[in-house]
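Below: one structure, written as structure tokens.
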Amino acid sequence: MYYITLIEFLDDTASGPSESTTVDTRLPQDTIEITFSNMPVMKERVRGTTKYDREAALAAHRAHLLCWLAYWRYRHGHISSPLVQASSLSLVPLELSDSYRRALAESQRDANLKRKRAADDDWFVHWLQHMVEWWRARFQHVIVDGSTDWTDHAAPETAAATHGLNKTNSNRGRMEECTRLLNCLQQNMVALADSTLLFVALLRMLGVRTRFVVSLQPMSFSVAATKKILAATEMQTASDRSQKGQVESKPTKRRKTNKSQNATSTKANQPQMAWCEVLHPTEGHWVAVDLARGLVNEPTRMEEHGPLPYVTAFDIGRRIKDVSRRYASQWAAKTLRLRPPMGKAGRDWWLDTLAIYAERDPSEVDVREDAELLSHELSEKMPTTVSEFNNHPLYALERHLKKFEILSPREPVIGHIRGEPIYPRSCVKQLHTAEAWLKEGRQIKKGEMPVKEVKSRAVTLLSRREQVMAQMEGYEKLSGLYGYWQTEPYAAPPVVSGKIPKNGYGNIDLFQPEMLPPGGVHLPQRGIAKIARKLDIDYAEAVTGFDFQSRHCIPVVTGIVVAAENEALVLDAWRAHEHARFEKERSKREKAALKRWRTLLHGISIRDRLQKQYGEKIDDMSVAMDDSGDEDNGSGSTPKSRSLTGKMYATNPPICDNSSDLSTQIQLALVVDL
DNA sequence: GTGACTCATGAGTCTTTGTGATAG
DNA sequence: ACTATCACTTTGACTCATGAGTCA
């Protein structure tokens with residue numbers, strides 16, 4: 001025997017000249033040593049994104065989003081405390097609260113005058129501006145935890161600990177949080193989130209419907225982004241660990257991060273901005289109020305610090321609403337793409353999640369707001385790059401059309417990008433082959449020609465053969481595609497005097513229930529075709545789909561179609577046949593059971609006779625036989641039982657000591673078995 | 001820094017009606 | 001003689017989305 005040792009050498013350029021190195025000096029004498037020089041170093045193949053990676057990133061994104069939602073819902077809940085509301089109201093200067101009441105009364109008195117006023121002259125916006133000025137003069141917004149100048153956007157778990165979310169006694173935590181908010185009112189410097197929450201409480205006390213609005217910024221659902229965050233976190237953890245090990249006692253300084261790390265952290269953890277929305281008491285629309293910058297009614301400026309994919313408004317009660325569209329300048333082209341794509345059924349997970357917090361009985365204000373958000377979405381400005389047009393819900397470019405799509409009609413052209421015409425998305429139509437339409441219960445109208453031809457796929461042996469033949473003859477086999485407007489509901493030829501219309505294969509297409517011919521009835525029962533054949537009734541096997549096996553397309557047959565007048569006859573015969581079949585099977589089982597019991601009884605009587613005749617001698621013999629048998633099969637059943645009754649005992653061994661008891665048990669067992 | 005483009009990869013979609021041997 | 005079942009070549013070619021890299 002020879003031992004072969006493979007010794008790898010590093011690349012010459014990397015590790016200098018090749019040098020043999022003995023791996024194990026204790027190798028046997030007859031060793032063959034094979035040396036590879038300049039062995040190419042195989043580059044590790046970059047692993048692509050797997051389904052698991054995507055699902056994990058999506059789950060993390062959703063979980064993170066839900067954590068933020070729960071966190072802000074919890075904090076928003078505290079401003080409904082009467083103590084917090086009363087304390088915040090006590091701060092308002094009398095002239096501000098009075099001016100609101102006066103202006104409101106005046107505007108309600110003179111509704112016509114109100115309509116004539118320009119937006120700049122809006123009394124409510126003016127009043128809000130005064131309120132914001134006063135508030136900003138009263139409180140100074142501070143940076144919390146050195147994280148941002150917007151709000152304390154620490155991770156939910158850290159923030160939860162800070163605000164008492166993890167208290168075992170929730171009431172105690174709530175009390176502490178309320179006390180903390182009350183303390184904020186006594187101070188001049190507060191965090192922006194606290195300031196906004198208190199401002200919301202104050203306006204509500206003045207009788208103005210106000211929402212607390214926050215831009216939730218969860219981690220990205222993109223796999224690449226998630227991997228970057230994980231890598232950055234690992235690096236940070238390792239760095240923290242090494243620092244901790246080296247200088248345990250030194251006060252920690254802010255770590256200097258490199259450029260890439262900074263970029264990652266910024267992208268992964270955008271600041272969570274907080275502001276409020278105030279309902280205009282006479283106009284009925286929502287006015288955005290940003291305390292941080294003193295902005296009133298300037299929703300477009302909220303996006304200046306980056307896109308806002310999840311702008312969530314917390315209203316009185318438990319109502320929560322997604323109002324992102326109000327603040328997105330390019331909702332479909334940019335902002336919406338920061339959310340995971342919708343499911344196959346077109347369901348939006350986030351909107352479904354918020355549905356439980358929606359107003360059950362929408363008011364006029366809610367209906368108006370929905371209409372306004374939709375109109376804002378539809379009037380979105382056109383994208384400026386080619387890639388933004390891809391899968392855009394409003395616009396389309398011809399280059400992004402899919403194989404089974406077409407532009408119809410090719411007008412109107414609503415613009416150009418790099419010389420390419422831009423069409424409304426409504427011009428993009430889905431196409432199918434005639435067979436695919438038939439599967440949906442539609443047929444091509446007479447005289448319609450395919451609007452597009454695509455290279456057909458050769459799946460079955462037959463189609464593959466046809467494709468090869470076509471290639472040899474110098475042309476390509478194409479499939480014609482048709483649009484919905486070229487189709488009509490499938491009209492099956494009717495059943496005439498009991499004759500079922502059949503296709504070229506001798507059966508009937510029944511991909512949809514509507515494809516049933518008039519005068520026909522579908523009987524999906526298994527084995528019913530045989531009955532119809534015996535009765536000499538005309539029928540056709542119903543093809544409900546196709547199965548693909550071993551490069552063959554196999555039609556899936558589900559029962560038959562017969563004339564309606566024959567339905568009862570066929571069904572009665574089928575029921576009679578099924579009954580007879582059941583009885584036959586029962587009789588067969590009964591016979592088999594009786595046969596096995598007969599064998600058992602016969603065996604027992606032989607055993608009894610031998611016992612009486614030879615006494616203990618037979619026991620010794622059987623024990624000896626069983627011992628040898630054990631080695632053969634090694635099963636756990638009782639050796640004595642097996643030697644007498646074989647298979648029967650293995651499944652149902654009767655326990656008995658004398659023959660009279662045994663016969664009683666057998667009689668009982670027979671009754672049960674039958 | 002941004003967008004267009006190319007390439008690699010993995011997941012999902014589309015395809016769309018046998019035949020001969022053998023056992024019962 | 002007729003009927004049911006099974007194995008064959010134990011789908012696979014293609015589209016699309018996504019991410020990485022390069023270039024202008």
Side-chain angles (χ1 to χ4, degrees), chain A residues 43-58 220-228 231 259-260 262-263 266-267 306 330 333-334 337-338 340-344 383-392 397 399-405 417-420 430-443 452 454-468 471 476-481 502-512 515 526-527 529-531 533-534 540-558:
Chain A
K43 224 181 166 182
E44 197 188 339
R45 203 173 65 113
V46 180
R47 193 174 67 97
T49 311
T50 63
K51 193 182 173 187
Y52 175 81
D53 290 340
R54 274 203 286 273
E55 281 175 358
L58 183 63
S220 171
F221 62 91
S222 143
V223 177
T226 311
K227 279 179 181 171
K228 271 183 193 169
K259 197 183 166 186
S260 68
N262 245 340
T266 313
K267 277 192 174 179
Q330 284 184 287
K334 279 186 178 166
R337 289 170 199 224
L338 295 170
M342 284 187 196
K344 217 176 172 185
T384 49
T385 64
V386 172
S387 52
E388 279 170 6
F389 278 99
N390 198 8
N391 289 327
H392 194 286
L397 298 183
R399 69 158 83 181
H400 293 139
L401 286 182
K402 296 185 175 67
K403 187 180 176 180
F404 286 76
E405 283 178 349
I417 184 162
R418 295 181 160 224
E420 270 188 71
Q430 188 70 33
L431 304 174
H432 288 303
T433 57
E435 294 81 12
W437 278 121
L438 192 63
K439 272 190 94 175
E440 290 186 19
R442 300 190 71 83
Q443 63 185 12
K452 191 176 180 179
V454 294
K455 198 179 154 190
S456 64
R457 288 183 175 179
V459 173
T460 61
L461 281 177
L462 202 70
S463 57
R464 179 91 189 129
R465 218 171 286 153
E466 280 176 8
Q467 198 180 54
V468 171
Q471 275 171 358
E476 202 163 41
K477 206 176 154 239
L478 298 171
S479 298
L481 302 181
K502 299 178 187 72
N503 60 20
Y505 303 98
N507 47 37
I508 188 165
D509 295 324
L510 200 68
F511 305 120
Q512 300 290 334
M515 291 172 74
R526 199 180 159 89
K530 211 155 81 179
I531 308 299
R533 194 162 55 237
K534 271 187 187 169
E541 285 185 317
V543 176
T544 52
F546 292 97
D547 208 2
F548 291 87
Q549 284 172 16
S550 310
R551 308 204 72 171
H552 290 298
C553 177
I554 300 156
V556 175
V557 173
T558 314

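Every heavy atom of this structure was used, including side-chain atoms; hydrogens, water molecules and symmetry mates were not. Because the structure is a prediction, the values reported are computed rather than measured.
- A/Lys403 has its side chain out of reach of A/Leu481: every pair of non-hydrogen atoms, C-beta onward, lies at least 4.5 Å apart.
- With sequence neighbours left out, A/Glu420 forms a side chain to side chain donor-acceptor pair (under 3.5 Å) with A/Arg399.
- Counting any heavy atom pair closer than 4.0 Å across all strands shown, A/Asn390 reaches no nucleic acid atom.
- Listed by chain and residue number, A/Asp538 satisfy the side chain to side chain donor-acceptor pair (under 3.5 Å) test with A/Lys502 (two or more places apart in sequence, or in another chain).
- When distances are taken from the side chain of A/Thr433 to each of B/dT17, B/dT16, B/dG18, the shortest belongs to B/dT16.
- When the side-chain nitrogen and oxygen atoms of A/Ser387 are compared with OP1 and OP2 of B/dG3, none of them lie within a distance under 4.0 Å.
- With distances taken from any side-chain atom of A/Asn391 to the nucleotides C/dA17, B/dT17, B/dT16, the minimum falls on C/dA17.
- Remark: ring of A/Tyr505 overlaps the six-membered base ring of B/dT17 in a stacked fashion, centroids less than 5.5 Å apart, planes less than 30° apart.
- Between A/Lys439 and A/His432 the shortest side-chain heavy-atom distance does not fall below 4.5 Å.
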Grab the N/O contacts between the protein and nucleotides 2-5 of chain C below 3.5 Å, and write none if there aren't any.
none

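- Evaluation of the side chain to side chain donor-acceptor pair (under 3.5 Å) rule for A/Asn390 yields no partner, not counting sequence neighbours.
- Applying the salt bridge (Lys or Arg N to Asp or Glu O under 4.0 Å) test to A/Glu440 and every residue at least two apart in sequence or in another chain returns nothing.
- For A/Phe546, the side chain to side chain contact (heavy atoms under 4.5 Å, CB included) partners are A/Phe511, A/Val543, A/Phe548, A/Cys553, A/Pro555, not counting sequence neighbours.
- With sequence neighbours excluded, no residue satisfies ring pair (Phe, Tyr, Trp, His ring centres under 6.0 Å) with A/Phe404.
- Evaluation of the side chain to side chain contact (heavy atoms under 4.5 Å, CB included) rule for A/Ser387 yields A/Thr385 as partners, not counting sequence neighbours.
- In terms of the side chain to side chain donor-acceptor pair (under 3.5 Å) criterion, A/Lys455 has no residue partners (sequence neighbours excluded).
- Across B/dT15 and C/dC16, the matching P atoms stand 12 Å from one another, rounded to whole Å.
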Report, one pair per line, the protein and nucleotides 9-15 of chain C atoms (nitrogen or oxygen only) whose separation is under 3.5 Å.
{"from": "C/dC14", "atom 1": "OP1", "to": "A/Lys455", "atom 2": "NZ", "distance (Å)": "3.2"}
{"from": "C/dC14", "atom 1": "O2", "to": "A/Arg457", "atom 2": "NH2", "distance (Å)": "3.3"}

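- Among the nucleotides B/dT17, B/dG18, B/dT16, the one closest to the side chain of A/Ile554 is B/dG18.
- Every residue two or more places apart in sequence or in another chain was checked for a salt bridge (Lys or Arg N to Asp or Glu O under 4.0 Å) with A/Glu405, and none qualifies.
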Dot-bracket for DNA chain C, 5' to 3', with Watson-Crick and G-U pairs under 3.5 Å, [ ] for crossing pairs and | for other-strand pairs: what is it? .|||||||...|||||||||||||
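- To the nearest angstrom, P of B/dT13 lies 13 Å from NE2 of A/His432.
- As rounded to the nearest Å, C/dC6 and B/dT17 have P atoms that lie 23 Å from one another.
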